[in-house]
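This report refers to the structure that appears directly beneath it.
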Amino acid sequence: MYPGSDHEFGGVSTDLKLSVVEGYLHGFTTALRKHFRELWYIDAFAGTGERTVRYAAQEANLLVPATEEKVERRRGSARIAIDVNPQFDRLIFMDESPKHSKALSALKGNHPTRKIDVLEGDANVAIRELIRGQSWSGTRAVMFLDPYGMSVNWDTLEAIQSTGAIDVWYLVSLSGLFRQAARNGRALDKSKRAALTRMLGTEEWEEAWYKRDAKLDLFGTLDDQQSRIADVEAMDEFVGKRLKSLFPKVLKPMRLKDSRGIPQFALYFAISNREPSAIALATKIAGHILNSGR
Ligand SMILES: C[S@@+](CC[C@H](N)C(=O)[O-])C[C@H]1O[C@@H](n2cnc3c(N)ncnc32)[C@H](O)[C@@H]1O
């Protein structure tokens, strides 16, 4: 543990998500090490480098004795990426939280021989600044987009794709989409609409997810309302189609569920490079990992 690294997040599927990404990072540096001068890892929602997992104290019952609260500290994505072997040449950690950025700087301090940049601020801005003016010849990168909710803007994905050099793991919050797209269209206010459009890059979600329901009320006044007909499945399918309209290749996502078995997230893998050989290689590595984790 290092200063400020305490960070509780995620649920039962978090270890699975991180092990899928870790598997890809190993496969990526192993396969590309000899072919590229620079291999980068970009963690746009990097956290602190650690994940705190708390097990609540349990009272004794007839079957088991009492247990005290237990706190475990596991590696978060930033530490996992530092440990990858063959190593990345450069690691870029972004986080908008000053506390988390401080923890990331402390993590960087523990690895003085590694080239690590910590960028504090909104990932949407930081990614565009990083990409602007960067030549990608001789460089390939993996980016992990692991927000809490719906923080990745569509134009950020456009900027990533425009590089032709970055493979992306993108955790899409299905529960976030479900919450924003209120079942009753009346609750779909301006800010909810704007959040959905910012993330999906189109207003077409409204047409696809809602049905108009115009009827006359008791007083003969036209009551024109709409209600959501799309379930999580349909929303995820819409996200998949949007990503496929932008990236040359998008793999079938892995669904991550909560402890009740309800889908919370979809972990997508998208490839920016249009070269058939690059697509084939990345698909082979990621496909194998995704299939073994499903
Ligand atoms: C789910 S956590 C990331 C966990 C991390 N991948 C790990 O495995 O340790 C999401 C992180 O995103 C950060 N965050 C939230 N909104 C952000 C934004 N707009 N730009 C950059 N970071 C943001 C939060 O401070 C938090 O540390």
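Indexing begins at 1, ligand by ligand and atom by atom, following the structure's order. In what follows, residues are counted from 1 in the order of the sequence shown.
Checked against salt bridge (Lys or Arg N to Asp or Glu O under 4.0 Å), Lys17 has the following partners two or more places apart in sequence or in another chain: Asp146.
Residues Glu68 and Gln58 bring no donor and acceptor atom of their side chains to less than 3.5 Å of each other. Between the side chains of Trp40 and Thr139, no donor-acceptor pair is found at a separation under 3.5 Å.
Contact residues of ligand 1 (protein heavy atom closer than 4.0 angstrom to a ligand atom; sorted by chain and number): His7, Phe9, Leu18, Ala44, Phe45, Ala46, Gly47, Gly76, Ser77, Asp95, Glu96, Ser97, His100, Gly121, Asp122, Ala123, Phe144, Asp146, Tyr148.
Taking the ring centroids of Trp209 and Phe238, they lie under the 6.0 Å cut-off.
Ring-plane geometry between Phe269 and Tyr24 is classed as tilted, the angle between the planes lying from 30 to 60 degrees on a 0 to 90 degree scale. His100 and His7 have tilted rings, their planes meeting at an angle from 30° to 60° on a 0 to 90° scale.
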